Amino acid sequence: MHKAVRLLIIYLLLLAPAATGCAAQRAGLSSVGFAIQVGAFSDVKNAERLTRKLQEQGIEAFYFKRENGIYAVRFGDFAKRDDARKVAQKLVKEKTIGSYFIAPPQPDRTVLVRETVIEKAPAPSITKPTKPVPPGKKKEEPVKRDRGDMGNIAARTAERFVGIPYRWGGDTVVDGMDCSGFVRAVYNLCGINIPRTSREQYRVGDAVGREELKDGDLVFFGASADEINHVGIFVGNGRFVHAPRRGDDIKVSSMDDSYFQKRFVGAKRYF
């Protein structure tokens, strides 16, 4: 009897890696906590200068274009609001930054993040009163946003970067970090921390076939799975947004372009 139990336990242990394979792929991903947001710049160069200044102090900062066309800088990943506030106040005292805003973490990945909302809800009407719910009819529940919505948010957020002369870290970061830094910034705004380099990003997430691509998936390019040197964000219709090379503007390219067709390695999904 005892021998049979031991054999059963061993059998279950052997099955464990296969049963948790999906969870293992998710290793390396985490939710973003409280962050510090600074600035309301109309000129992207001002946002870039502040970002470079912070990065020269060892702070992983990035700048992005908000839905109103104004640029802001964001950095930090804090478990508590007070921790973020203390760091921000220290930087204010050192005159590194001016006024700031503490961006809250995304409580649920199915809820839109403040800075990634593209479409605004219509203003409430003052002329048409709300119709009462007829007797016996259930009140409509709010639609719960699923993974598709988060992928769409990531794609639309990526498109807001198009045209920005993006240089991840200015001249302080080696070539090849611009593309991965860009997608990392987009995912950060969507509430998810992903690894820093394109090779590390490729090692996590769920593998997706080219014919199964959806908005927000990351597409990877290189000589092979072990030699990935470029990454972008799929935005639908066979297109992806990426930071092509150091100092170049972020742009939209086609997956069908011969250059990218030959170098396409695979795609990953993180939502």
Side-chain angles (χ1 to χ4, degrees), residues 20-37 51 59-67 72-81 83-84 101-119 144-161 166 168-169 177-208 212-220 228 230-236 240-243 250 266-271:
T20 58
C22 185
Q25 285 184 327
R26 295 291 181 177
L29 302 180
S30 62
S31 297
V32 178
F34 290 94
I36 301 168
Q37 185 168 305
T51 299
I59 299 172
E60 187 179 356
F62 65 90
Y63 57 94
F64 64 100
K65 190 176 185 180
R66 298 176 59 184
E67 64 274 12
V73 176
R74 187 177 287 197
F75 59 94
D77 181 8
F78 304 91
K80 298 179 180 179
R81 183 184 293 272
D83 294 339
F101 162 73
I102 303 299
Q106 188 174 337
D108 185 333
R109 289 182 184 175
T110 62
V111 179
L112 299 182
V113 183
R114 177 193 301 266
E115 290 300 338
T116 56
V117 175
I118 306 300
E119 297 181 3
K144 185 177 181 180
R145 299 187 179 278
D146 58 16
R147 180 269 155 210
D149 288 319
M150 290 308 301
N152 180 65
I153 292 168
R156 304 295 78 78
T157 301
E159 289 174 335
R160 282 216 307 269
F161 282 80
Y166 211 75
W168 184 254
M177 273 296 288
D178 287 324
C179 61
S180 59
F182 159 62
V183 300
R184 182 171 161 83
V186 171
Y187 269 70
N188 183 289
L189 289 171
C190 292
I192 298 178
N193 270 322
I194 61 175
R196 298 178 184 230
T197 70
S198 55
R199 292 183 185 181
E200 293 171 335
Q201 290 165 358
Y202 185 72
R203 296 192 187 108
V204 299
D206 301 324
V208 179
E212 303 170 318
L213 285 170
K214 293 183 179 180
D215 283 4
D217 292 341
L218 294 193
V219 288
F220 296 86
I228 291 171
H230 196 61
V231 59
I233 299 179
F234 188 75
V235 294
F240 66 99
V241 176
H242 62 126
I250 290 176
K268 291 297 182 77
R269 184 171 298 159
Y270 307 90
F271 295 112

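Note that the structure is a prediction, hence the values are computed from the model and not measured.
- Residues forming a side chain to side chain donor-acceptor pair (under 3.5 Å) with N188 (at least two apart in sequence, or on another chain): none.
- Considering all non-hydrogen atoms of both residues, F34 and P104 come closest at CD2-CA, 3.7 Å.
- In terms of heavy atoms, A267 sits closest to L213 at CB-CD2, 3.4 Å.
- Taking all atoms of both residues into account, the shortest heavy-atom contact from A84 to F78 is CB-CD1, 3.5 Å.
- A tilted orientation is assigned to the rings of F64 and F161, their planes being inclined by 30° to 60°.
- Panel note: side chain S198, backbone S180; no donor-acceptor pair is recorded below 3.5 Å.
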Can you check side-chain contact (heavy atoms from CB on, under 4.5 Å) on V235 and R156, steps first, answer last?
CA-CA 7 Å; V235 294; R156 304 295 78 78; 3.8 Å; yes
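- Residues meeting the ring pair (Phe, Tyr, Trp, His ring centres under 6.0 Å) test with F234, sequence neighbours left out: none.
- Here R269 contributes atom CZ and D206 contributes atom CG; the two are 8.0 Å apart, rounded to the nearest 0.5 Å.
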For this session: Could you please spell out the steps behind the side-chain contact (heavy atoms from CB on, under 4.5 Å) verdict for I36 and I102?
Result: CA-CA 5 Å; I36 301 168; I102 303 299; 4.1 Å; yes
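- Y187 places no side-chain N or O within 3.5 Å of a backbone atom of A154 that could act as its donor or acceptor partner.
- Considering only residues two or more places apart in sequence or on other chains, Y202 meets the ring pair (Phe, Tyr, Trp, His ring centres under 6.0 Å) condition with F220.
- Between R184 and E60 there is a salt bridge, since a side-chain N of the basic residue sits under 4.0 Å from a carboxylate O of the acidic one.
- Summarising the geometry, atom CZ belonging to F240 is positioned 13.5 Å from atom CG belonging to D217; distances are rounded to the nearest 0.5 Å.
- H242 NE2 to I233 CD1: the interatomic distance, rounded to the nearest 0.5 Å, is 11.5 Å.
- Between the OG atom in S31 and the CD1 atom in I192 there is a gap of 6.5 Å [rounded to 0.5 Å].
- Electrostatic pairing of R203 and E200 does not count as a salt bridge here, judged by no charged N lying under 4.0 Å from a carboxylate O.
- Between the Q37 side chain and the R74 main chain, no donor and acceptor come within less than 3.5 Å of each other.
- Between A35 and G76, the closest heavy-atom pair is CB-O, 3.5 Å.
- Across A72 and R66, no two heavy atoms sit closer than the pair CB-CD, 4.0 Å.
- Atoms CG and CZ, from L189 and R160 in turn, are 7.0 Å apart once rounded to the nearest 0.5 Å.
- Checking side-chain atoms of Y270 against main-chain N and O of L218 turns up no donor-acceptor pair under 3.5 Å.
- Of all the heavy atoms in V73 and A61, the pair that sits closest is CG1-CB, 4.2 Å.
- Here K268 contributes atom NZ and I194 contributes atom CD1; the two are 11.5 Å apart, rounded to the nearest 0.5 Å.
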